[in-house]
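Taking it in order: structure first as structure tokens, then the write-up.
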Amino acid sequence: MKSFDRITAVFIVLMAAFFLTVNAVLLKQNRSVVLLYRVEANRIEQELLNGRQVSADDYADITEIFEYDGSDDFYSSENEYLIREINGKLYRIEYTDKPQKSSGILIAVE
């Protein structure tokens, strides 16, 4: 019976070490940065190509969308931006590229 208890204890310790190692690896992977502003800018471009109205409020990383009106301040902004020509018109799509916190996956052992 004592050998069974020892085997069970070793198994529990090994399983706990395994789950802690897996959690550490998963938490490190979640620190990678995924910038979605390019994906959202492409979605905006497709919406405008299809003749639909777009709003920056519909996108998490897009802050403003401006259509070129001939003024010189079109190219000056304190935010980062992309310029796209869509249907013969220029659009300035301002975005934020600050990574958002992602929730980590935590595996619990009971």
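Small disclaimer: the values here were computed from a predicted structure and weren't measured.
Remark: D72 engages no residue in a side chain to side chain donor-acceptor pair (under 3.5 Å) (not counting sequence neighbours). With sequence neighbours left out, the side chain to side chain donor-acceptor pair (under 3.5 Å) criterion links D57 to no other residue. In terms of the side chain to side chain donor-acceptor pair (under 3.5 Å) criterion, residue partners of R84 (sequence neighbours excluded) are, by chain and number, N42, E45.
Across all their heavy atoms, L82 and A41 have their closest contact at CD1-CB, 3.5 Å.
Atom CD of E40 is separated from atom CD1 of I62 by 5.0 Å, given to the nearest 0.5 angstrom. Annotation: the span from R38 atom CZ to D61 atom CG amounts to 13.0 Å, rounded to 0.5 Å. Annotation: the span from D58 atom CG to Q53 atom CD amounts to 11.0 Å, rounded to 0.5 Å. Note that CD1 of I44 is 3.5 Å distant from CD1 of I65, once rounded to the nearest 0.5 Å. Annotation: the span from L20 atom CG to M15 atom CE amounts to 11.0 Å, rounded to 0.5 Å.
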Legend entry - Chi angles and distances behind the side chain to side chain contact (heavy atoms under 4.5 Å, CB included) call for Q46, L49: CA-CA 5 Å; Q46 291 304 312; L49 282 170; 4.0 Å; yes
Inset, instruction - Tell me, with the steps shown, if F11 and V13 meet side chain to side chain contact (heavy atoms under 4.5 Å, CB included). - result: CA-CA 5 Å; F11 178 75; V13 168; over 6 Å; no
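Sequence neighbours left out, not one pair with a member in residues 2-18 passes salt bridge (charged side-chain N to carboxylate O under 4.0 Å, His left out). Applying the ring-ring contact (aromatic ring centres under 6.0 Å, His included) test to every pair with at least one member in residues 42-77, sequence neighbours left out, gives these pairs: Y68-F74. Counting only residues at least two apart or in different chains, side chain to side chain donor-acceptor pair (under 3.5 Å) contacts with residues 85-95 comprise S77-E94, N79-E94, E80-Y95, R92-E94.
Hydrophobic clustering, with ILVMFWY side chains joined whenever heavy atoms are under 4.5 angstrom apart, groups Y37 together with I93.
Without hydrogens or angle criteria, D69 side chain to S71 main chain gives a donor-acceptor distance under 3.5 Å.
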